[in-house]
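For reference, the structure discussed in these notes is given below.
Convention: sequence-line order gives letters A, B, ...; per-chain numbering from 1.
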Number of protein chains: 2
Amino acid sequence: MGTGVADVTLRDVARASGCSVATVSRVLAGTRPVGAETARRVREAAERLGYRPNHAARALRSRATGTVGLVLPQITNPFYPALVRELTHALHAEGRAVLLADCDDDPVAEAEYIDDLLSRRVDALLVIPADERRSRDAVAAAAARVPLVLMDRGCGPGIADSVAVDNSAGMALVLDHLAATGRRRVCFLGADGTASAAAERRAAYAAGSGALDAAAPGRIALGDFSVEWGRAAVDLVWDARPDALVCANDLIAVGALQRLQQLGADVPGDVAVTGFDDIPMAALSAPGITTVRQPVAELAAEATQLLNRRLASPGSEGPQRAIRLAPELVVRESSAPGAGERGLEGASTAVAVS
Amino acid sequence: MGTGVADVTLRDVARASGCSVATVSRVLAGTRPVGAETARRVREAAERLGYRPNHAARALRSRATGTVGLVLPQITNPFYPALVRELTHALHAEGRAVLLADCDDDPVAEAEYIDDLLSRRVDALLVIPADERRSRDAVAAAAARVPLVLMDRGCGPGIADSVAVDNSAGMALVLDHLAATGRRRVCFLGADGTASAAAERRAAYAAGSGALDAAAPGRIALGDFSVEWGRAAVDLVWDARPDALVCANDLIAVGALQRLQQLGADVPGDVAVTGFDDIPMAALSAPGITTVRQPVAELAAEATQLLNRRLASPGSEGPQRAIRLAPELVVRESSAPGAGERGLEGASTAVAVS
DNA sequence: TTGAAAGCGCTAACAG
DNA sequence: CTGTTAGCGCTTTCAA
């Protein structure tokens, strides 16, 4: 309680251990070799006095704050918490701290947050852009000042290093699975707009679904990445009597499933439903939703690795990298083969394939 | 791309506007009155040169970083993203930045994160403790150094200011609603342990359910706050043929609902199900789950206000405050009255009561 | 109202 | 290996 004790500084430790501040700094930061006995004395004194380095001073002097800014569109988007978790863990493991900014899907707020983070001298920036187009200027400007990695969504070509899931590969996994389990009249419930996830998944469906049925590439309905759209979309395509609904993400799939159940359709007996991302709700929905799991931990690891590479070689630019990670198909009840019987064979048991 | 431009400092602005750094500082920080014409020239120069204050230097000098640490148990707990969102927005609105630490439900990691944040000279700390008991020492020590507000969960009495929902009031809302809709054989699916949410909700059920049925306070099953437990708990209480399952949080309710549907029970016809928290899944479940909504934005506002109060009067301790906010009952299909007919009257339409 | 000067706590040259 | 000497960029006395 209260104002806290007067802080103990390097000088105090130096005095207590009978050597210079520089030596103490070297011992504690491990910058350069120091005599064993001196080092011991310093450490002992630091411990005893309860010394805590002052990061502000360190940052001012060494021009590095040990801090990374994380800018994202909406922490309440159910896919992001897991990603944030992995990112913060990966960064903390390297001794960095994470400044979080949720820009509420607003590119203007996003630009302000980026500006503020830069002003706070973050060493690097991790950005999930709010908008493919309208985020571009702010992101490009920021990328000119600090190492910056784009995650999950694109932001135009040539802006910065980026890490994302391979959306095409994911969609191919879904289509292969549906083909293998005898579905033919597939149908796509997607999202329009230029966001990379939306566009790539759309394109992959268009490219791959023709193998199941010549008319499949034409059976698409485009809205946004929401449950509401999933519900509405079912009504638009139901007349075509599809035997599978390929949804561009899990939220759409959840909505579609709800509407199908309202209509009295049997999932997966009459129609299979698949999602994308593997948010928690996909496993907890009844029936569990077959989906494409993003390799979240690996995405985070790649992103921090890219940052570290840039951080290590300041100036020497090197080519931009766009890393795409292969996703994994998670088969659940919503796409079980063998139509007819109601899908009540058990709780949502995830089966990882591939 | 690249290393970024050499930073422009106060000195540069001073030179460009023909006055001293002190004056520039005063103009830009608005600390003291400055001649109108001078101020204009300074601002113009700062703008033209693209001056960005260096927060590290400012922090070193003024002993305030404008930064708040947010420590939480698990960002993937579906209740927290909304809270994090509101907290970051509230703090950003005051010009503060948020350092995020997810301690993965581990009190040891939590203590380390708190230590690191303190070392980074956060002005204040917002903590959702991982464990009622084992978080106590680290939290108490931190509270002695900076203003600290406990959120959502308690951490023993007399540790720090705290903000949370009024769990008892929430449980009372649920019980009143069930009573009003004719439910009598109610049953509680809760969580054991000392965590305040678990204990308070448990106690409130014990205190209030007797009014419905003398045996109700005895019909309880205790596990943890998970979907899995919700599923399992149904099997433990189903023999008692309850007409309502009062769950200690929404995850338990989701699990209970799944198991009930597997058992062929009609919800809400045969049995009502209620949750607590109003996580997104509660609305999206089918049927939608009646639950107690935590006033997330208000919780965040109260917490930042408490911080500001402490920040404003350093030293003058003042009494600790424990703020409890009244929750709101959200009635959905899972507790609809008039038994019998299957709950398919429409999408999950939320009806806010009280 | 403004400027000069001191110094926050630390690290980085540069000598020794 | 260690100490001395300069500051990092800013805010804040203290004088003018």
Side-chain angles (χ1 to χ4, degrees), chain A residues 3-43 45-46 49-67 95 118-123 145 314, chain B residues 3-43 45-46 49-67 95 118-123:
Chain A
T3 336
V5 201
D7 282 317
V8 11
T9 76
L10 266 194
R11 281 191 51 181
D12 300 323
V13 179
R15 218 159 6 217
S17 61
C19 58
S20 74
V21 285
T23 304
V24 177
S25 169
R26 295 195 268 251
V27 172
L28 268 25
T31 328
R32 330 233 267 117
V34 169
E37 171 54 15
T38 327
R40 208 199 46 70
R41 273 214 325 282
V42 167
R43 257 185 273 274
L49 299 180
Y51 170 74
R52 311 265 56 205
N54 183 324
H55 279 249
R58 182 176 287 178
L60 178 58
R61 185 64 244 235
S62 57
R63 332 194 60 77
T65 54
T67 273
L118 252 20
S119 175
R120 288 177 190 274
R121 297 303 194 271
V122 292
D123 294 339
R145 309 189 101 272
Chain B
T3 337
V5 201
D7 282 317
V8 11
T9 76
L10 268 195
R11 282 191 52 181
D12 300 322
V13 179
R15 222 167 352 228
S17 61
C19 57
S20 73
V21 285
T23 304
V24 177
S25 168
R26 295 194 267 253
V27 171
L28 268 25
T31 328
R32 327 224 283 115
V34 168
E37 170 55 15
T38 326
R40 207 200 45 71
R41 273 214 325 280
V42 167
R43 258 185 272 274
L49 300 181
Y51 170 75
R52 311 265 57 204
N54 182 323
H55 279 250
R58 182 176 287 180
L60 178 58
R61 186 62 241 234
S62 56
R63 329 195 62 77
T65 54
T67 272
L118 251 21
S119 175
R120 287 176 191 275
R121 297 303 195 272
V122 291
D123 293 340

Quiz item: Looking across every strand, which nucleic acid part, if any, lies under 4.0 Å from B:T9 by heavy atom: base, sugar-phosphate, or nothing?
Solution: sugar-phosphate

Exercise. Mark yes or no for whether A:S119, through its side chain, and B:R52, through its backbone, hold a donor-acceptor pair below 3.5 Å.
Key: no

Self-check item: Heavy-atom donor-acceptor pair, A:R121 side-chain to D:dG9 base, under 3.5 Å
Solution: no

Quiz item: Does a side-chain heavy-atom distance below 4.5 Å link B:N54 with B:D7?
Solution: no

Exercise. Could you check which of D:dT12, D:dT2, C:dT11 has an atom nearest any side-chain atom of B:S62?
Key: D:dT12

Quiz item: Can you tell which of D:dC14, C:dC10, D:dC10 lies closest to the side chain of B:R32?
Solution: D:dC14

Practice problem: Could you state the atom-to-atom distance from CG of A:D12 to P of C:dC8 in whole Å? | Solution: 11 Å

Quiz item: Looking across every strand, which nucleic acid part, if any, lies under 4.0 Å from A:S25 by heavy atom: base, sugar-phosphate, or nothing?
Solution: base

Quiz item: Can you tell me if A:R120 uses its side chain to pair, donor with acceptor, with the backbone of B:T65 under 3.5 Å?
Solution: yes

Quiz item: For A:R11 and C:dC8, what is the distance between atoms CZ and C1' respectively, to the nearest whole Å?
Solution: 12 Å

Practice problem: Starting from P on C:dG9, measure out to CZ on B:R120 and report it in whole angstrom. | Solution: 18 Å

Quiz item: Hey, which of these two, B:Y51 or A:A22, hits DNA chain D nearer its 5' end, going by closest nucleotide?
Solution: A:A22

Quiz item: Does any non-hydrogen side-chain atom of B:Y51 lie less than 4.5 Å from one of B:L28?
Solution: yes

Quiz item: Nearest to the side chain of B:C19, which nucleotide is it out of D:dT2, C:dT11, C:dG3?
Solution: C:dG3

Practice problem: Please state how far atom CG in A:L10 lies from atom P in D:dT5, giving the value in whole angstrom units. | Solution: 18 Å

Quiz prompt | Flag, side chain of A:R41 to backbone of A:S17, donor-acceptor distance under 3.5 Å | solution = yes

Practice problem: Please state whether the base of C:dG9 and the side chain of B:R61 form at least one donor-acceptor pair under 3.5 Å? | Solution: no

Quiz item: C:dT11 phosphate, OP1 or OP2: any side-chain N/O from A:R58 under 4.0 angstrom?
Solution: yes

Practice problem: Would you mind classifying the nucleic acid contact of B:R26 as base, sugar-phosphate or nothing, using non-hydrogen atoms under 4.0 angstrom? | Solution: base

Practice problem: Return the value, rounded to whole Å, for the distance between atom CZ of B:R63 and atom C1' of C:dC10. | Solution: 13 Å

Self-check item: Nearest-angstrom distance from the residue atom CG of A:L60 to P of D:dA6
Solution: 18 Å

Quiz item: Roughly how many Å is it from CG in A:L28 to P in C:dA12, rounded to a whole number?
Solution: 14 Å

Quiz prompt | Spacing between B:R40 atom CZ and C:dT1 atom P, to the nearest angstrom | solution = 18 Å

